[in-house]
Structures are given as structure tokens and as C-alpha cells.
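The structure under discussion appears below in the form of C-alpha cells.
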2 protein chains.
Amino acid sequence: MDELDSAIVRELQRDARQSNRDIARKVGVAPSTCLERTRLLRERGVIRGYHADIAPAALNRGVQALVSVQVRPLSRAVIDAFKAFAHGLPEVTAVFVMAGNDDFVIHVGAQDNEHLHAFLVDRLSQRKEIVGFRTSIIFQHLAKHDPAPLPGT
Amino acid sequence: MDELDSAIVRELQRDARQSNRDIARKVGVAPSTCLERTRLLRERGVIRGYHADIAPAALNRGVQALVSVQVRPLSRAVIDAFKAFAHGLPEVTAVFVMAGNDDFVIHVGAQDNEHLHAFLVDRLSQRKEIVGFRTSIIFQHLAKHDPAPLPGT
DNA sequence: GATGTCACCGAACGTTGTTCGGCAGAGCGT
DNA sequence: ACGCTCTGCCGAACAACGTTCGGTGACATC
């Protein structure tokens, strides 16, 4: 993970669909070198994938929420089961397994408030391991798609 | 946003770096048609960008947390200012503006617990508009990078 | 039934991805 | 110092690709 790798990663974070030649030119190496570096970054698991960022409304997810969930008992079996359940629901776009008051925070998207409510009542609250959950509507979601590497120690 | 558009979007969510010809073959149209559709999806704002998904540890973000923040007064000026402030911090990877008890939830990544603590104490708690915040460590973060479109009404 | 419109196709051309042989420099043991 | 190996990089070559453009068929309108 030297300076060249970082520069390639930065470019791919910024725009994952630009050509290898463009990236090579920007970071100052030959296309073949850049391609090999990219392949290695992928192989080493530094690059986990390339994904299009889609407007939520286009996927019928105009309303988004964060749902904090507490489950009991706090056994591995229950936690893993709920995690898999939540991740499998189509409305769920992310599952956070947490330390602290809440055991999970799940990021949910639905067409409108009505569908969100239906999801909470019909899907989520059916699970018997849930002892409580709290839903907060998201007004805005500023995501940083190209987070810079933090300085090491 | 017909069936063909959805299929193209699905492929680009799954792997944004596959060739236009591959996508065209998978969705069953000519490459030129696929390219034109993709261009229009981009132009209409359905596709917002293409980004590489990078392992947090490679960016010195081995420890992640969600921080719930309350600010006062709840004026537009204060909200916008804090939002811009939070989004500008390098440790912050996402800012959620919320309805409910918390005004913001910010997604933070740091090298380790010590750096996370330093961030909270030195950066966040400096802001005078903050009247309280609560930090929860993230154990796991299962993200769905290819959320399916939800059925419309 | 003639006309206009629209989405799609397929061919063509310049550009790109990908592979491979070779070269230069670093590190190392003698 | 010398030769050796290893590693990372380069540049050329060929197959594959992106991108443009004229043409074609389907469909709606009048």
C-alpha cells in the first residue's frame, strides 16, 4: 500500500468507470503497470468491488430510516439469526451490528411512509427475539464516496 | 425506467467495471443501445456515479462508530453549519440529518479506539452548538451494494 | 395508407484492455 | 567489487472494446 496504490484507489473511488489508461496517466505510470497494481489490490482485498450509486427514488426508496433494534437473549445464535433475517429483507440496505444500548441499527428504504410503516409492523415486529425498536426518519444522507485514507501512526 | 433500464442498473450495481458489451449481452440488447440507455440514466440522475468499495482497514479506518448528535438551537443556520462541518471532517464517512430524538447521526471511521476518542474529544465536542452526543461502536457493517428496486404501487 | 417519430440495430473506426518479453535497479551473498 | 536473483516497471502487439452514425422496423397520428 504505497503512494502509487493510494493514488489508484483514490481514482477508482472517485470514478470507477474511467479507463485504465486514464488512471495510469493521472497517477503517472504505464497502463500495464496500473492494471497489474489494480489486479493486486483486488486480490489482496483492498478493493472489494465496484458499484453504481443509484438515486434511491429510482428504486422506489424515497423514504429512508434508521431503525435501532434490541434483541434478547444476546446469544450468538440469536444475533446471527436476526442479522441474516434483516439482511435478507429487500427494504433493508445496510445492517450495523452494534455495541452499546442498541444491538442493531438497520438502514431501511421504502416507497413512502405508509410502506415504511407496513414494513415495521408486518415484517420487523413479527420477530420474537426483538424486545424493542426505535425508528428515525432520515431527512438527508450525505455520503462520502471517496473517503481519504487517514494518516497512520 | 422500464425493464431494460432496471436490468442495466442492476448490472452496474453488481459490477460497475464490467464492459458495456458484457452488460448489453446480459440484458439482451445491442452494445450501442445499452450505451445510449446508460448515458440517459446518467443524465436523468438515476445513476449518480460509480465508486470502488475499499476495505476500511486499508484506509486506516479499522474502528467505526455511529455518533448520535443533538444540536441547539434547531435553526436552519445551525443545522446547515453543523452538517457542513461534520461532512468536512476526514474521519466522517457519512452524515444523516434525522427526524426524532437525534438531530444527526454521523458515521465515523478511525484507526483505533484511541484515535476515535481523540476525534470525539478534540473535534466534535469543540462545537458549541452540540448539546449532547452518544457514540456506539460498530462491530459489523453488512452493506447491500446492489439493493433491488422495490415494487411500486 | 402516407407520414413522422422513436427505439433499436449493426458496421466502422479509433481507442482500450491485456499479455508478454525485456530492462533497470535493489538486495544479497561471496 | 562482482555476479546473481528478484522485483517492478515499461512498451509493443493483438484482440477486444467504446462510440458514432446511417439505416430499419414498429407504432401512432392524421
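This one's a predicted model, so the numbers in the text were calculated from it and none came from an experiment. Every chain is numbered from 1, with letters handed out A, B, ... down the list of sequences.
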CG of A:Asp102 to CG of B:Leu66, rounded to nearest 0.5 Å, is 9.5 Å
Please output the side-chain donor-acceptor pairs of residues 79-92 of chain A that fall under 3.5 Å, not counting sequence neighbours, one pair per line with the distance.
residue : atom : partner  : partner atom : Å
A:Lys83 : NZ   : B:Gln140 : OE1          : 2.9

For the residue pair A:Asp103 and A:Leu74, establish whether any side-chain heavy-atom pair is separated by less than 4.5 Å. yes
Would you list the protein and nucleotides 6-11 of chain D atom pairs, both N or O, that sit under 3.5 Å from each other?
residue : atom : partner : partner atom : Å
D:dC9   : OP1  : A:Arg37 : NH2          : 2.6
D:dC9   : OP2  : A:Arg37 : NE           : 3.0
D:dC9   : OP2  : A:Arg37 : NH2          : 3.4
D:dC10  : OP2  : A:Ala30 : N            : 2.8
D:dC10  : OP2  : A:Thr33 : OG1          : 2.6
D:dG11  : N7   : A:Ser32 : OG           : 3.4
D:dG11  : O6   : A:Ser32 : OG           : 2.8

In whole angstroms, the gap separating P of D:dA16 from CD1 of B:Ile23 amounts to 18 Å
Whole-Å distance, A:Asn20 CG to D:dG18 C1', equals 15 Å
In terms of heavy-atom contacts, B:Ala52 and A:Ala16 come closest through N-CB, 3.8 Å
Given A:Arg14 and A:Lys26, is the side-chain contact (heavy atoms from CB on, under 4.5 Å) satisfied, shown in steps? CA-CA 12 Å; A:Arg14 207 177 52 73; A:Lys26 287 180 193 169; 2.9 Å; yes
Students should find that the nucleotides of DNA chain C closing off the region near chain B, any atom under 4.0 angstrom from a heavy atom, are C:dA7 to C:dG10
- Please state whether the rings of A:His107 and B:Phe96 are parallel, tilted or perpendicular, taking 30° and 60° as the class boundaries. perpendicular
Atom CD of B:Gln18 and atom C1' of D:dG18 are separated, to the nearest Å, by 15 Å
When rounded to whole Å, the CZ to P distance for the pair A:Arg21 and D:dG18 reads 14 Å
When A:Arg17, A:His145, A:His51 are each screened for side chain to side chain contact (heavy atoms under 4.5 Å, CB included) with B:His51, the one that passes is A:His145
Scanning both residues in full, the closest heavy-atom pair of B:Arg48 with A:Pro56 reads NH1-CD, 3.7 Å
